[in-house]
Participant: 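Provided herewith is a single structure, encoded as structure tokens, for subsequent inquiry.
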Number of protein chains: 2
Amino acid sequence: MLKYKGENIMELDDRKKKILALVVENYIESAEPVGSKQIADNYENDISPATIRNEMKQLEEIGFLEQPHISAGRVPSTLGYRYYVDNLMSNNTLSMVDIDYINNNIVSYGSVEKTLEHAADVVSKLLNLPAVLNIKTTDVVENVKILKISEKILLIILMSNSGNVKDVIVQITDSLPETRMDELSRLLNKNLKGTPLENLSLALNDVVKKELSKFSNILNEMEHIVRKELDEPKNNMKGNMESLLALPEFSNTNEIKKFLNVVNTKEIINEVLNKIDKDDISVIIGNENNQMLLKDYSLISLDFTATDTTSATLGIVSPKRVDYKKAVSTLKAVNDRLKKIFGKEKEDKDGARKED
Amino acid sequence: MLKYKGENIMELDDRKKKILALVVENYIESAEPVGSKQIADNYENDISPATIRNEMKQLEEIGFLEQPHISAGRVPSTLGYRYYVDNLMSNNTLSMVDIDYINNNIVSYGSVEKTLEHAADVVSKLLNLPAVLNIKTTDVVENVKILKISEKILLIILMSNSGNVKDVIVQITDSLPETRMDELSRLLNKNLKGTPLENLSLALNDVVKKELSKFSNILNEMEHIVRKELDEPKNNMKGNMESLLALPEFSNTNEIKKFLNVVNTKEIINEVLNKIDKDDISVIIGNENNQMLLKDYSLISLDFTATDTTSATLGIVSPKRVDYKKAVSTLKAVNDRLKKIFGKEKEDKDGARKED
DNA sequence: ATTAGCACTCATAATATATGAGTGCTAATT
DNA sequence: AATTAGCACTCATATATTATGAGTGCTAAT
């Protein structure tokens, strides 16, 4: 059995390539093992099913196809998908509808995180699969502002060095005179400046301990809210259950449980995502990653550098049978869009956001 | 067949009551039709299964129990559940763990909506079911403030008459001199004051049309973001898929699809929720509501008045087989907690939030 | 009024028996 | 030498067939 990416590279002849592509695409489409007759019907030049069978047998022998059982059609192996993704897959152009959807729904939301979250939403909706978003930032707090909204409501705004903004509304029990506001502001600035956004609630906890006596009602409340509101898990799942339920892979409930369990465990996903290439789109198929629990699934993701201090991976998790072509082109388009938003490229007329 | 809530009220003797309660509770617990032997085993005074069978038969005749098929045990009918909820259900006291969880996780978040959303989260987590939250507010915008966060980032804060606060971060392409800030502020206040929060994006759209020439980059952006961020559907679902998958009712995927479809269609849920009593806990079982699509499900919900202008319904949707006792006691505890937060009751030491 | 006894029902499980899609191989055809 | 018709073979799935047993309702005895 020859290795495709390894010592000896198997060069497939055109007919084998065409047949492999057809098997992959038919299987992605139908979720049923693909038989020789089906391929013969779809093959442009007339060849008999018998010939196709011979070819398919060879494709199986070199490890590109698999048979669920002896009298079934063929299903792509991980290696088969890989060869398809690397060599056979045409780069699909997205429909105008999809492009519009991307441009209209991914816009700058002032905060890097919110923008990326919307991007993840968009990816999830377009591909009908749960999206994973993993933001890594080394941003630190640069400035804290306090705004008195009303007698008993304060708005506390935290600005980071790269322009990220987070804010929390804090309700206090007794109103605060102007002078004390200034004091609170100085105190927060002194204590929080330089704190990595990731550690915000920890740092705040320290502030509470140190300065509680002075502003007990505010600090306590704030620490509590920050913990709940800002300290969300870094690995976000944007999901849409209905679309998963529609996949034949998930006709039985146990498979859904297994999948959700894997997808919701950020350690599992991150272990894989941490190894992908910077600023590029990665396709990781089945057991190509060494995470046993992910062996039946694929991750297709984009690594994106938003600012000097913030980067993210954004992608989808799905069964191995997935429309790689559409997924990759969608992520490419999202990448282009994000680049524009974060100023990595000149804005051009065509890609600019349309007002509707 | 006698009507329980109708003209003729069936008075059950103690033994029948006890048996009905046992059937309901066993069925809620096991999800399997309950047989006479099982009841006999759990019944405190020794009675034979044969006697139980006679009683069960009568309970079936008056419409409190049903048989899936002739040789199966009994399952409570809608009427049976109803009688149980109204007359037989002891009011369970929640565990200290649950009470603590409620007190620690439902706190004031400055905005009524956020607070209620957290409450919905808590209810969903405690009961392992999707929670529905439906907030009705007649609040209007009272004041708009603009804060320059940095050269190109503005924070726009909208305050309502009852102290609700919403804010959006807007990124602009060209920085704005101080004088123009004031102009923008006046303009927004003039145009938005008095706008019901519900119509915000519509009103903003008008502003954009009218005043676009002056502040095109800001207004456009703002309208866009408001539409996406604030104009979320009023009927929120807080859900936890895994817990649903664990229910035997949802062992087959189609049932899940049906359920999710119903639960995610806010019109269906609202049609029922709009009829429940103000400031009270309602239990609506199966076809008691006239929504055919909800006939296999129950809604247990709390109507809560948060401020003069804002009220909400908060509850759970589930298969008819659900722990009514725990659901009702949880909502009661949540109600108490919310009352304290929204100042409807004196705070007391015991229920006060604990710092951990 | 209660209950032991027993025939009866019917969902579920276990088993046996088609059906047919798809294969691999051989031998004939191009 | 490459292709393909022909055919026996495999095995998942569907259908039919037959236990199994939990639970009932009724009758007659307690």
Participant: Let me know which of A:Tyr81, A:Phe250, A:Phe259 forms a ring-ring contact (aromatic ring centres under 6.0 Å, His included) with A:Tyr297.
Facilitator: A:Phe259

Participant: Using a 4.5 Å cut-off on heavy atoms from C-beta on, say whether the side chain of B:Tyr324 contacts that of B:Val322.
Facilitator: yes

Participant: Quickly work out the A:Leu59 CG to C:dT23 P distance and round it to whole Å.
Facilitator: 13 Å

Participant: Any strand counts, and the cut-off is 3.5 Å on both contacts for Watson-Crick or G-U wobble. Which nucleotide pairs with D:dT20?
Facilitator: C:dA11

Participant: Please give, in whole Å, the distance from D:dG23 P to B:Leu65 CG?
Facilitator: 15 Å

Participant: Do any N or O atoms of the protein come closer than 3.5 Å to N or O atoms of nucleotides 8-16 of chain C, and which pairs are they?
Facilitator:
from: C:dT9; atom 1: O2; to: B:Ser71; atom 2: OG; distance (Å): 3.0

Participant: Would you compute the distance between atom CD of A:Glu249 and atom CG of A:Asp296 and round it to the nearest 0.5 angstrom?
Facilitator: 10.0 Å

Participant: Any side-chain heavy atom of A:Met241 within less than 4.5 Å of one from A:Ile256?
Facilitator: yes

Participant: Under a 3.5 Å cut-off for both distances, is C:dC25 Watson-Crick or wobble paired, and to whom?
Facilitator: D:dG6

Participant: Quick one: A:Glu66 CD to C:dT23 C1', roughly how many Å, whole number?
Facilitator: 17 Å

Participant: Taking the side chain as every heavy atom from C-beta outward, state whether A:Ile269 and A:Met237 have any pair of such atoms under 4.5 Å apart.
Facilitator: no

Participant: Taking the side chain as every heavy atom from C-beta outward, state whether B:Arg321 and B:Pro248 have any atom pair closer than 4.5 Å.
Facilitator: yes

Participant: Tell me whether the centres of the aromatic rings in A:Phe64 and A:Tyr83 are closer together than 6.0 Å.
Facilitator: yes

Participant: Please tell me if the side chains of B:Arg74 and B:Leu59 come closer than 4.5 Å, counting only heavy atoms from C-beta onward.
Facilitator: no

Participant: Counting only side-chain N and O atoms of B:Arg74, is one of them less than 4.0 Å from OP1 or OP2 of D:dG23?
Facilitator: no

Participant: Could you check which residues of residues 32-57 of chain A get a heavy atom under 4.0 Å from DNA chain C? Sort them by number, please.
Facilitator: A:Gly35, A:Ser36, A:Arg53, A:Lys57

